[in-house]
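Okay, so here's the structure we're looking at.
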Amino acid sequence: MPYVNVRITKEGNTPEQKAQVIAEITETLQRVLGKPPEVTFVVIDEVPMEDWGYKGLPTSKLRPPNPGPV
C-alpha cells in the first residue's frame with residue numbers, strides 16, 4: 001500500500017492542480033512499480049510560506065507570494 005506525502009508551500013494552488021499532482025503520482029506508481037490505484041494514497045500538505053524556510057529565512061521573506069492562476 002503506497003503512501004505518498006507531498007508538502008508544498010501554500011500559495012494559491014488550485015484544486016485542479018492538486019488533483020493533477022495526485023493523478024500523476026498515482027499513475028507513476030502504477031506504471032513503474034505496478035501498484036494499483038485502489039491501494040495508493042497521496043496526501044498533499046500545504047504549509048504556510050512563513051512556516052517553510054530555507055537559507056535561514058522563512059520562504060515568505062525570500063520570495064513574494066504566488067498570485068495564483070491568471
Side-chain angles (χ1 to χ4, degrees):
M1 170 177 71
Y3 170 84
V4 178
N5 185 227
V6 179
R7 289 187 173 199
I8 56 177
T9 53
K10 186 173 187 170
E11 52 184 313
N13 309 303
T14 67
E16 294 80 15
Q17 289 171 320
K18 291 184 278 186
Q20 182 176 352
V21 168
I22 292 167
E24 291 188 19
I25 289 172
T26 301
E27 187 276 326
T28 298
L29 288 170
Q30 182 178 26
R31 180 175 41 81
V32 175
L33 301 177
K35 302 297 182 180
E38 298 79 24
V39 300
T40 299
F41 295 85
V42 179
V43 176
I44 297 176
D45 291 327
E46 290 186 284
V47 180
M49 286 180 41
E50 64 270 12
D51 294 340
W52 188 300
Y54 65 103
K55 297 182 180 180
L57 294 168
T59 303
S60 58
K61 301 281 187 195
L62 293 167
R63 59 187 166 103
N66 181 347
V70 198

Exercise. Taking all non-hydrogen atoms of both residues into account, name the closest pair between Leu29 and Pro2 and its distance.
Key: CD1-CB, 3.9 Å
Exercise. Quick one: closest heavy-atom pair of Val42 and Ile22, and the distance?
Key: CG1-CG1, 3.9 Å
Drop me the distance from [X]'s [atom1] to [Y]'s [atom2], to the nearest 0.5 angstrom.
X: Leu33; Y: Thr40; atom1: CG; atom2: OG1; answer: 9.0 Å
X: Glu11; Y: Asn13; atom1: CD; atom2: CG; answer: 6.0 Å
X: Glu38; Y: Gln30; atom1: CD; atom2: CD; answer: 7.5 Å
X: Lys35; Y: Thr28; atom1: NZ; atom2: OG1; answer: 14.5 Å

Hey, any chance [X] and [Y] share a hydrophobic cluster, counting ILVMFWY side chains that come within less than 4.5 Å of each other, even indirectly?
X: Ile8; Y: Tyr3; result: no
X: Phe41; Y: Val32; result: no
X: Val39; Y: Val43; result: no

Under 3.5 Å, which donor-acceptor pairs link side chains of residues 48-55 to any protein atom two or more places apart or in another chain?
none

Quiz item: For the side chain to side chain donor-acceptor pair (under 3.5 Å) test, which of Lys18, Arg7, Lys10 pairs with Glu46?
Solution: Lys18
